[in-house]
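Predicted model, so just to flag it, every value in this text is computed and none were measured. For the numbers below, each heavy atom of this structure counts, side chains included, while hydrogens, waters and symmetry mates do not. Read the numbers this way: they start at 1 and go in the same order the structure lists the ligands and their atoms.
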Amino acid sequence: MADKKLAGQIAIVTGANSGIGEGVAISLGEAGANVVVNYVVNPDAANVIVDKIKSFGSNAIAIKADVSKEDQVMNMFAQTIQQFGTVDILVNNAGLQRDAKLHEMTLAQWQLVIDINLTGQFLCAREAIKEFLRRGIAPERSVACGKIICMSSVHEMIPWAGHANYATSKGGIKMLMQTMAQEYGRQKIRVNSICPGAIKTPINTTAWSTPEAYNSLMNLIPYNRIGVPEDIGKLAVFLASDDSDYITGASIFIDGGMTVFEGFATGG
Ligand code: NAD
């Protein structure tokens with residue numbers, strides 16, 4: 001039986017009906033958290049994850065909300081508090097890509113990625129912090145007043161040609177995360193980022209779905225395998241639990257070594 005490190009805590013995971021969000025929601029539920037599975041499309045997939053979390057003995061509900069829309073985010077938090085009483089953990093995971101060379105990128109492509117990947121994290125974090133401050137520390141559940149985990153990327157560090165909107169959103173998340181950690185540390189709110197490398201999900205199918213693409217991807221990964229959502233789920237449980245109580249304001253890279261720049265192993 002899995003260790004119930006998050007027993008009784010309430011977690012919201014955005015974009016939790018696919019890929020990394022799905023893996024994180026399941027891991028948090030397995031660790032004893034009651035989980036809000038946020039989705040914006042495909043409620044059936046969200047309901048499958050809700051059922052899986054319930055099979056561990058935790059509670060779960062699916063809530064539809066577009067994280068880039070202020071009223072929908074506020075409504076998601078209100079529904080969560082009505083249903084579960086409070087929020088202890090926010091995983092700001094929802095994100096997407098709209099790739100284009102910069103000189104061909106439309107304002108709509110730029111704006112959509114910034115709105116969802118960056119403004120969406122601000123809107124959700126603001127509501128979470130309001131609730132953490134209202135409630136204060138609940139020592140029976142955690143020594144911290146609340147935990148926010150931002151899903152960033154290796155692209156908060158590595159520039160990415162053809163993806164300026166996405167890389168900019170992740171660079172922005174780094175400063176948002178660190179500023180929140182600085183601003184609310186004294187209230188015992190911990191804020192950290194997970195920075196995945198290549199994880200096998202629908203967002204990057206072209207990077208792993210053919211042997212040629214996979215082999216080419218391995219040129220970037222010293223550890224020589226693609227990541228899976230469970231890798232991220234385990235780290236999210238650690239960052240949400242009191243095991244990581246002295247970690248705040250940190251970007252944790254989980255990338256099979258992508259950020260040690262494999263190309264320099266034989267060159268440079
Ligand atoms: P994914 O496409 O499988 O999942 C993205 C999720 O976000 C989906 O559930 C989608 O419906 C949801 N979403 C999109 N727009 C939304 C909105 N407006 N409101 C609410 N939900 C919305 O991709 P993924 O790989 O699981 O990506 C999850 C996060 O991980 C993203 O922030 C992504 O940037 C980050 N990430 C992924 C990788 C990777 O290799 N897969 C690497 C680094 C970072």
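- Closest to atom 15 (N) of ligand 1 among all protein heavy atoms lies I116 CG2, 3.7 Å.
- Heavy atoms of S152 come nearer than 4.0 angstrom to ligand 1 in at least one pair.
- The protein does not reach atom 10 (C) of ligand 1 closely, with no heavy atom under 4.0 angstrom from it.
- If you check the side chains of N117 and S169, you find a donor sitting under 3.5 Å from an acceptor.
- Relative ring orientation between W160 and H155 is described as parallel, the plane-to-plane angle staying below 30° on a 0-90° scale split at 30° and 60°.
- Using cut-offs of 30° and 60° for the angle between ring planes, the F264 and F261 rings count as perpendicular.
- Summarising the contacts of atom 38 (C) of ligand 1 with S153, G197, G23, the nearest heavy atom is found in G197.
- Counting protein heavy atoms only, atom 12 (C) of ligand 1 is closest to G15 CA, 3.7 Å.
- Residue contact check for ligand 1: G227 places no non-hydrogen atom closer than 4.0 Å to it.
- At a heavy-atom distance under 4.0 Å, only side-chain atoms of N204, from C-beta outward, approach ligand 1.
- Regarding atom 23 (O) of ligand 1, its nearest protein heavy-atom neighbour is I203 CB, 3.3 Å.
- Salt-bridge formation is not detected for the pair E104/K101: no Lys NZ or Arg NE/NH1/NH2 atom is positioned less than 4.0 Å from an Asp or Glu carboxylate oxygen.
- Looking only at protein heavy atoms, the nearest one to atom 19 (N) of ligand 1 is V67 N, 3.0 Å.
- S251 and E156 share a donor-acceptor pair across their side chains, judged by distance under 3.5 Å alone.
- Not a single N or O atom of P196, backbone or side chain, sits closer than 3.5 Å to an N or O atom of ligand 1.
- When each atom of ligand 1 is checked for a heavy atom of A65 under 4.0 Å away, the hits are 19 (N), 20 (C).
- Contacts of T201 with ligand 1, taken as heavy-atom pairs under 4.0 Å, involve the side chain alone.
- Neither the backbone nor the side chain of Y39 has a heavy atom within less than 4.0 Å of ligand 1.
- Two residues are said to be in side-chain contact when any heavy atoms from C-beta on lie closer than 4.5 Å; Q121 and L176 meet this criterion.
- If you look at A198 next to ligand 1, the close heavy atoms, those under 4.0 Å, all belong to the backbone.
- For ligand 1 and G19, the ligand atoms under 4.0 Å from any heavy atom of the residue are 3 (O), 26 (O).
- Defined by atom type and a distance below 3.5 Å, a donor-acceptor pair is present between the side-chain atoms of D242 and S142.
- Ion pairing between a basic and an acidic side chain is recognised when a charged N comes within 4.0 Å of a carboxylate O; K5 and D243 show such pairing.
- The residues R126 and E70 are annotated as salt-bridged, a charged nitrogen and a carboxylate oxygen being separated by less than 4.0 angstrom.
- Of the protein's non-hydrogen atoms, S18 OG, 3.6 Å is the one closest to atom 1 (P) of ligand 1.
- For atom 21 (N) of ligand 1, the closest heavy atom belonging to the protein is A94 CB, 3.4 Å.
- Atom 14 (C) of ligand 1 has as its closest protein heavy atom G95 O, 4.0 Å.
- Looking only at protein heavy atoms, the nearest one to atom 28 (C) of ligand 1 is N93 OD1, 3.3 Å.
- At a heavy-atom cutoff of 4.0 Å, ligand 1 is contacted by no atom of Q97, backbone or side chain.
- Ligand 1 lies nowhere less than 4.0 angstrom from a heavy atom belonging to K69.
- Looking only at atom types and distance, the side chain of S244 has a donor-acceptor partner in the side chain of R190 under 3.5 Å away.
- At a 3.5 angstrom cut-off on N or O pairs, I20 counts as close to ligand 1.
- Side-chain contact of K147 with Q9: a donor-acceptor pair under 3.5 Å is present, judged by distance alone.
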